[in-house]
Amino acid sequence: MQQIIHKLKRTKTFDHPLNKYLNADIELLSNHVVTQSTKTALKRFESLTPGQNFHDLDDSLKSTYTDTKRTQNTIYKRLDYKDVCNTVVNVRKSMWIHPIKNRAISIREAARLQSFPDDYILIGTKDSQYQQIGNAVPPLLGRAVAEQLLSSLNDKPQRSLMQLFNKQKEAVH
């Protein structure tokens, strides 16, 4: 079952071509599913500030892990608006935390981090959708690689990624 919600009307929009690309000018938003967190997970979320992860937690909040030294830095990673994002992995298993809200990021938020526009709909179970995002080559990266391959073959796309973003940037101004 696909959850579809109405996108919020923003009074402030970010004047950037990437934002316009990701928003995809649609009213309905799919895959913005937020996972219900356990009390233990919620306590961990509440204690971490942007940029911190599992290793920054107080030892009392690590008791459910057998060997805390073997825990990856992506576990319980609170994202930071002021920093670049790590490589997107299966964020459901990693429990990536929203930059300001005490919850794991949604499927749609993870998809946006991978450069999937809002009109791209993932299907399958919630875990499967998170895994699909973690396994995917980011669409914008794939396009950039494809354009370079075309260039090496003395060919070019009908419209390059830079042309696409420049057109969107002009439309915003």
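Start at 1 with the first residue, then count along the sequence.
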Taking the side chain as every heavy atom from C-beta outward, state whether [X] and [Y] have any atom pair closer than 4.5 Å.
X    : Y    : answer
N31  : R108 : yes
Y21  : L140 : yes
S115 : P139 : yes
T35  : Y130 : yes
L61  : S47  : yes

Side chain to side chain contact (heavy atoms under 4.5 Å, CB included) with H55: which residues, sequence neighbours excluded?
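By the side chain to side chain contact (heavy atoms under 4.5 Å, CB included) rule, H55 matches N53, T71, N73.
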Would you say [X] and [Y] are hydrophobically clustered, going by side-chain heavy atoms of ILVMFWY under 4.5 Å?
X    : Y    : answer
V88  : V137 : no
I97  : Y65  : yes
L161 : L141 : no

Just verifying a value: how many Å separate L22 CG and D119 CG, rounded to the nearest 0.5 Å?
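It is 10.0 Å, given to the nearest 0.5 Å.
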Main-chain N/O of P117 paired with R112 side-chain donor or acceptor, under 3.5 Å:
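No; judged by distance alone, with no hydrogens or angles, the pair does not exist.
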For the pair K77 (side chain) and G51 (backbone), establish whether a donor and an acceptor sit closer than 3.5 Å, ignoring hydrogens and angles.
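Yes.
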Around atom CD of E46, are there more than 12 heavy atoms of other residues, nucleotides or ligands at under 6.0 Å?
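Counting neighbours around CD of E46, more than 12 heavy atoms of other residues, nucleotides or ligands fall under 6.0 Å, so yes.
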Would Q132 and S128 count as having a side-chain donor-acceptor pair, cut-off 3.5 Å?
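Yes, because at least one side-chain N or O of Q132 sits under 3.5 Å from a partner of the opposite role on S128.
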Please enumerate all residues that pass salt bridge (charged side-chain N to carboxylate O under 4.0 Å, His left out) together with D127, with sequence neighbours excluded.
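With neighbours one apart ignored, the set is R92.
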Search all heavy atoms of [X] against all heavy atoms of [Y] and return the closest pair with its distance.
X    : Y    : answer
N23  : D118 : CA-OD2, 3.6 Å
H32  : S106 : ND1-OG, 2.7 Å
S152 : L149 : OG-O, 2.7 Å

Side chain to side chain donor-acceptor pair (under 3.5 Å) for N102 and R44? Distances and angles first, verdict last.
CA-CA 9 Å; N102 289 321; R44 290 172 179 155; over 6 Å; no
Using 4.0 Å as the upper bound for N to carboxylate O, is an ion pair formed by E109 and K101?
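Between E109 and K101 there is no salt bridge, as every charged N stays at least 4.0 Å from the carboxylate O atoms.
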What orientation do Y76 and F45 show, parallel under 30°, tilted 30 to 60°, or perpendicular over 60°?
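Rings of Y76 and F45: tilted, 30 to 60°.
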